[in-house]
Protein chains: 2
Amino acid sequence: MARPGGRSARVQASVHAAVRELEAEQGREALTVPLVAARAGVTPSTIYRRWGDLQELLSDVAVERLRPDTEPADLGGLRADLTAWAEQFLDEMSSTAGRAYIRDALLGDPDGGNAGQCSAYAAAQVDLVLDRARERGESGFPAREAVMDHVVAPVMYRILFRPDGLSAEYVRRLVASALDRSTGR
Amino acid sequence: MARPGGRSARVQASVHAAVRELEAEQGREALTVPLVAARAGVTPSTIYRRWGDLQELLSDVAVERLRPDTEPADLGGLRADLTAWAEQFLDEMSSTAGRAYIRDALLGDPDGGNAGQCSAYAAAQVDLVLDRARERGESGFPAREAVMDHVVAPVMYRILFRPDGLSAEYVRRLVASALDRSTGR
DNA sequence: ACATAAAAGCTAATCGTTTGCGTTAGATGA
DNA sequence: TCATCTAACGCAAACGATTAGCTTTTATGT
């Protein structure tokens, strides 16, 4: 049975905070389980028992930081909304910090749960944009999955596998292409 | 100056072989640097010096195993060739072993060189298929980058971020969509 | 052949990781 | 409210991985 409240919750919050603080202060290279434990006021064995190893802990923290903190802007039309969201998505994900979080999230993730969460975040944002288009009465917009396949996936693939050749212009082409396709061109 | 020949090459081959053997015999969980070193007839410090840590070594080995070992089949036409290649690509990459290699390749890869190599392998295979179409005199085939964005990227994205919902049918749709788009629909 | 230096071997000290066991916080039900 | 039970934590010892310093081997260029 789970024990979400009380001490366990405090330990989790304290450890996560310690990771973020030390990451900001000394960089990820310097992170070790004993170091995090000391900052969090916890013994190393507690971390090993709860998270298994440093990578799984970093994965948890990374997913938190990849959660979108704002809704996509409403610029009055689907094309503008989707383009703006995709450009912001690229900015956040392709930054040095963003790449590090993506890697961490994928890394210490035996069952794929954390990676799935990242994908779900993006899908939810896309849904918001598409829902708005639907409410406006726009027609011919693409399915959520089409946007995931033809905008989100290429961006993430390039971030992970081809660190160069990413630009706002590239993302705009992807969005335009996804929209054109859905309108029957 | 580099010293590619002789002892260094023997050590590299021996260590790589040891990784593959132990991985097959005992599974990746059991792998440690001292264990690999012992099997390879090498001291641990040699491995630490050349590869840094176990992850970077595994990343090197994983890239080797992700190198395509056969050319894409020639079935007489672009659509058939590309579809067949993409289905095989999905099979190899989405298998348990394939996912493990992809993860390893991304994992111990500070500068992104190994990940870039993986992408280059896929791009080369796509080029072979497209070159053949060009030689046949087919027209209206997509650019290499279009195939990477709309076929390879979605497949890899789903493998990494959404472990379910992958099927040969899904890949066929991606290929068909990429081809339709390039012919002006 | 000889000189040079890159890469590997060796050893010891350090540090991270794992594990067993006792203790405590806090959830549960009378 | 109080008694009880247990998951989670602290502690400390044992273990294994990593690093540093030094020596030895051996490609490579002259």
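Chain identifiers are assigned alphabetically (A, B, ...) following the order of the sequence lines, protein sequences preceding nucleic acid strands; residue numbering begins at 1 within each chain. All figures in this text were calculated on a predicted structure; none of them were measured in a lab.
- The phosphate of C:dG9 has OP1 or OP2 within less than 4.0 Å of a side-chain N or O from B:Thr46.
- Here C:dT17 is the nucleotide among C:dC10, D:dC11, C:dT17 with the atom lying nearest to any side-chain atom of A:Pro34.
- We find that CG of A:Leu57 is positioned 11 Å from P of C:dT17, with the value rounded to whole Å.
- Under the 4.0 Å criterion applied to side-chain N and carboxylate O atoms, A:Arg158 and B:Asp149 are assigned as salt-bridge partners.
- Phosphate contact (OP1/OP2 of D:dC9, side-chain N/O of A:Arg50, threshold under 4.0 Å): present.
- Here B:Arg49 does not reach the OP1 or OP2 of C:dC10: none of its side-chain N or O atoms lies under 4.0 Å away.
- Look at A:Arg7 and you won't find any side-chain N or O under 4.0 angstrom from OP1 or OP2 of D:dA7.
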Compile the donor-acceptor pairs under 3.5 Å between side chains in residues 71-79 of chain A and protein atoms, sequence neighbours left out, one pair per line.
residue, atom, partner, partner atom, Å
A:Asp74, OD1, A:Gly76, N, 3.0
A:Asp74, OD1, A:Arg136, NH2, 2.7
A:Arg79, NH2, A:Asp180, OD1, 3.4

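- Distance CG (A:Leu35) to P (C:dG16): 8 Å, rounded to an integer number of Å.
- Of the charged side-chain nitrogens involved, at least one lies within less than 4.0 Å of a carboxylate oxygen, so that A:Arg39 and A:Glu25 count as a salt-bridged pair.
- Closest-nucleotide positions on DNA chain D for B:Asp53 and B:Arg10 were compared, and the one nearer the 5' end corresponds to B:Asp53.
- Helix bend of the helix from C:dA1-D:dT30 to C:dA30-D:dT1: the angle between its two end axes, each built from five pairs, comes to 50° after rounding to 10°.
- Here B:Thr32 lies in heavy-atom contact (under 4.0 Å) with sugar-phosphate atoms only.
- Between the C1' atom of C:dT18 and the CH2 atom of A:Trp51 lies a distance of 17 Å, rounded to the nearest Å.
- Atom C1' of nucleotide C:dA7 and atom CD1 of B:Ile47 are separated by 14 Å, given to the nearest angstrom.
- The CD-P distance, from A:Gln12 to C:dA25, rounds to 20 Å in whole Å.
- Counting non-hydrogen atoms of neighbouring residues, nucleotides and ligands closer than 6.0 angstrom, the CD atom of B:Glu169 exceeds 12 such neighbours.
- Side-chain N/O atoms of A:Ser45 and base N/O atoms of D:dC11 include a donor-acceptor pair closer than 3.5 Å.
- Ion pairing between a basic and an acidic side chain is recognised when a charged N comes within 4.0 Å of a carboxylate O; A:Arg132 and A:Glu138 show no such pairing.
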Quick one, A:Glu56 with A:Arg50, criterion salt bridge (charged side-chain N to carboxylate O under 4.0 Å, His left out). Give me CA distance, side-chain angles, the key distance, then yes/no. CA-CA 10 Å; A:Glu56 290 186 44; A:Arg50 274 194 53 168; over 6 Å; no
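- Defined by atom type and a distance below 3.5 Å, a donor-acceptor pair is present between the side-chain atoms of A:Asn114 and A:Ser59.
- In the set C:dG16, D:dA17, C:dC10, the nucleotide with an atom closest to the side chain of A:Tyr48 is C:dG16.
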